[in-house]
Amino acid sequence: MIFYEVAVNAPIANTLTYKYSGPAIDIGHAVLVPLGRRKVTGYVLDRIEEDEQQDKGFVVKAVERVLSGDPVFPRELIPLYRWLSSYYHYPIGEVLFTALPAAPSAKSGIYAKLIPGCEEKLSTFAGVEETFPEVVLQLQQTRHLSHGMITRLRKSSNGRKLLSQLEKEQIIQFETEIITSRTQEKYQVVYGPSDSIAGLLSTDSSNEHGALQKWVEQTGLSLKPSELKTLGIVSELYRSLGTWVPKSAVQKQYKQSGRYLKSLVENNLLVQEESRVYRNPFGEPVDRKNTCTQQHTEEQRRVLEKILPAIAQGEFAPFLLHGVTGSGKTEIYLQAVQEALKAGKSALVLVPEIALATQMEEQFYTTFGDQLSLLHSGLTAGERLDQWHHLRQGSARVALGARSAVFAPLSDVGIIVVDEEHESAYKQDDGLRYHGRDVAVMRAKMAGCPVILGSATPSINSYANTTSGKYTLLSMEKRVSSRALPEVQIVDLSKGKRNRPDLFFSDQLIEAMNTTLERREQILLFVNRRGYSSSMICQDCGSIVQCRHCQVSMTRHRAKQKLLCHYCGFTLPVNILCQSCHSERVIGIGLGSERIEQEAEQLFPHARIARLDSDIASHRKKYLETLSAVRQGQIDILVGTQMIAKGLHFPGITLVGVIWADSGLAMPDYKASERVFSLLSQVTGRAGRGDKPGSVIIQTHQPHHYAVTCAQAHDYTGLVDKELPIRSLLNFPPFGRLVNIKFSGENEKLVEKAARKVNVFFMKHFTGGQIEQLGPAPSPLAKVKDQYRWQLLLKSSDYRILHAMVDSLQEHQSSLKLGNVKLSIDIDPENMM
DNA sequence: AGCACGCCGACT
DNA sequence: GTCGGCGTGCTC
């Protein structure tokens, strides 16, 4: 008998022990195990030798069965899973279910069996026939009660009564059955040559059909013309594909071929097999043009001289690559990955959550082809699983993807790259609240390999790690082919008269747009919000239309003719009465991408204008059409939100306008300045990447704010010099560490009470000046989806104290009696909303 | 999470 | 009396 350490799919902090008498189970397998009265999926994390398995005061149950054919994850990732569980204070089983794709899984439910020989007893059972005829019917017909039937019965008291009586009278017996078990592998039927004609199909004679016919005549086989035709198609496809031919591909050319394929197999000319289908994760076929590996710049060479030896060395080494937009960071990544592959290792590349196909994907695909596995957010569960298997089996050695790709099942990782490391999209904002970049660094540490964090505007945290000596700083300050950085002009929105005070366009911006359009060049307008008006205000009483379920203002969307809540999706008609005074005079204020698009149409009626925001991006086709239209110069003005600032390359754009730069500075967030700076820098970087120089106009109400002026001067260290003293004064990161304890529930009073209780608990058990408790207070978004939210922010220079506090809270959670209030813990919170 | 146990109010 | 409400606690 062998014992196993299993992480089960339930919110249980620790792993559980199970035994299994069958053949030894490898670490990493999915198993079905009993848990209480039910059966759940679990993952084997370790084997426990029998002599180590002392009596620990619980009865060890047996593994029900092994669910996976092969281990689902490489065992070298187990320490990372354990670290995630303890660092983010999240149950180990749920860590695994977050980190793994929808792999073999099973669940059980209760059903009831009719005890043999009880049919008579059943019919004499008082009252069943009248109240529950369907129960009698099901038992007679199938000799059991289904899970669905039992759940239905349990909803009524009479049903429950019936069930317990049937059990008491020994008519039925409850058992658990597996009700869902899914694997999303897709298979297809493929055909290949049998031994007898293998030689014939591999020859690349140009007169294929003739050769086949000749061969058939020689062997004296009597093939029908249709069979010969089918065989011809198969052989043609076999040669062009270079591999076995899917049945569907043959049938596409010849509809009736199914039956002939069958007879060809019977005649031992073709062999039929089932093969795993790997769905194509590239939405559209990507042009595999060769990127001419240009000469590296002096800076690139200097950076590579540091990184490449570290990869060959195979030791943990964190680098922060600070390179201005256009300095050629991607080339560094490509070289680094190549170096790792050369050393026989694999590579992991993380990019922020991006809507769809980007330059980065294209370049990696061009360079690494089938070696590359893409793990972006647009994949279906099935596609994701396919990519997982590719990596698992080593048929792909480079993984490129967003946040969750950090869990890619690569073994022997030689390099990890995190592009745009400052992006807050790396932070998962629910469930296991991990930071993709931080996990990447930890993974590199465990794997013993270098990690490159790249950014044009590094996070203050990472930058601080270079001055403290934890990371090595590598800088690239020049743009490839020494293109100049764009000229940036700041326009003060609060000063001076405007020709069009009704619009969000300053005179300077309008003029610059005019000259740009005259030169037949392209313009990008950047807006912070989608929609038309960011909120609706009543002109009589001044109240703002709020979502019924969330404490946020409703945004007007003109195209949809609706008011929309961006948090829960709740909609209202446009023509509503004021919620407090019932006035009809409710109008939109503030701006959104739709409105800017409309105003641009008014100002430049002859310009071709397009909009790109997440409303559009949800329509993949429309999104890609817009992208290519912009690239081909069919669009003069592109209006967009955040998503256009990232990773997209538009050579034709020479003017960038930022409509309202300081809107982000009002956020209740210690990172607001850092964010605004990096957003402005990114948008600014979109200008003039072609051979023409670019210019940028930033409209703002706070022209003297350092986030704005530093972005204007392309001065990253200037920002750091301003920002660090402020952070230091308030002991915010990188000086102090933060933990946000979040409370939520339907009952506002109870949520508040719970938050106060925890606050008191901490004050009692953790005294001394090393900890600061901010709050408890209602969250900046005090209500979302009918859930009231409070939070308690903990701050300390010593993260070990913070972890001790959270551990202690979780330990005493039940005795604190927080009632129905849900508690969730956010370690290193990125977003305080 | 799910599921059982157990302790109190409102019904036959 | 007991039925059924939900708060509390455990799962190898």
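Hydrogens, waters and symmetry mates are skipped; everything else that's a heavy atom, side chains included, is used. Just so it is clear: chains get the letters A, B, ... in the order the sequence lines come, proteins before strands, and each one is counted from 1.
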Engineer: Can you tell me the distance, in whole Å, between the CZ atom of A:Phe58 and the C1' atom of C:dG9?
Structural biologist: 18 Å
Engineer: Report yes if a side-chain nitrogen or oxygen of A:Arg37 is closer than 4.0 Å to either non-bridging phosphate oxygen (OP1 or OP2) of B:dA4; otherwise report no.
Structural biologist: yes
Engineer: Does A:Asn820 reach a base, just sugar-phosphate, or nothing at all? Heavy atoms under 4.0 Å.
Structural biologist: sugar-phosphate
Engineer: Could you point out which residue of A:Asp826, A:Asp438, A:Asp828 forms a side-chain hydrogen bond (donor to acceptor under 3.5 Å, both in side chains) with A:Lys427?
Structural biologist: A:Asp826
Engineer: Measure the distance from CZ on A:Phe97 to P on B:dG2 and round it to the nearest whole Å.
Structural biologist: 13 Å
Engineer: Does the ring centre of A:Tyr43 sit less than 6.0 Å away from the ring centre of A:Phe97?
Structural biologist: yes
Engineer: For the pair made of NZ in A:Lys39 and P in C:dT11, what is the distance, rounded to whole Å?
Structural biologist: 18 Å
Engineer: Quick one: A:Leu16 CG to B:dG2 P, roughly how many Å, whole number?
Structural biologist: 16 Å
Engineer: Does one side chain, of A:Ser424 or A:Glu830, offer a donor that lies under 3.5 Å from an acceptor on the other?
Structural biologist: no
Engineer: Between A:Asn747 (CG) and C:dG7 (P), how many Å, whole number?
Structural biologist: 11 Å
Engineer: Whole-Å distance between C:dC10 P and A:Gln813 CD?
Structural biologist: 14 Å
Engineer: Does A:Arg437 qualify as a cation-pi partner of A:Tyr426, given the criterion of NZ or CZ under 6.0 Å from the six-membered ring centre and within 45 degrees of its axis?
Structural biologist: no
Engineer: Please state how far atom CG in A:Leu35 lies from atom C1' in B:dA4, giving the value in whole angstrom units.
Structural biologist: 13 Å
Engineer: Rounding to an integer number of Å, can you tell me how far A:Met1 CE sits from C:dC12 C1'?
Structural biologist: 14 Å
Engineer: Using a cut-off of 4.0 Å on non-hydrogen atoms, how would the nucleic acid contact of A:Val59 be classed: base, sugar-phosphate, or nothing?
Structural biologist: sugar-phosphate
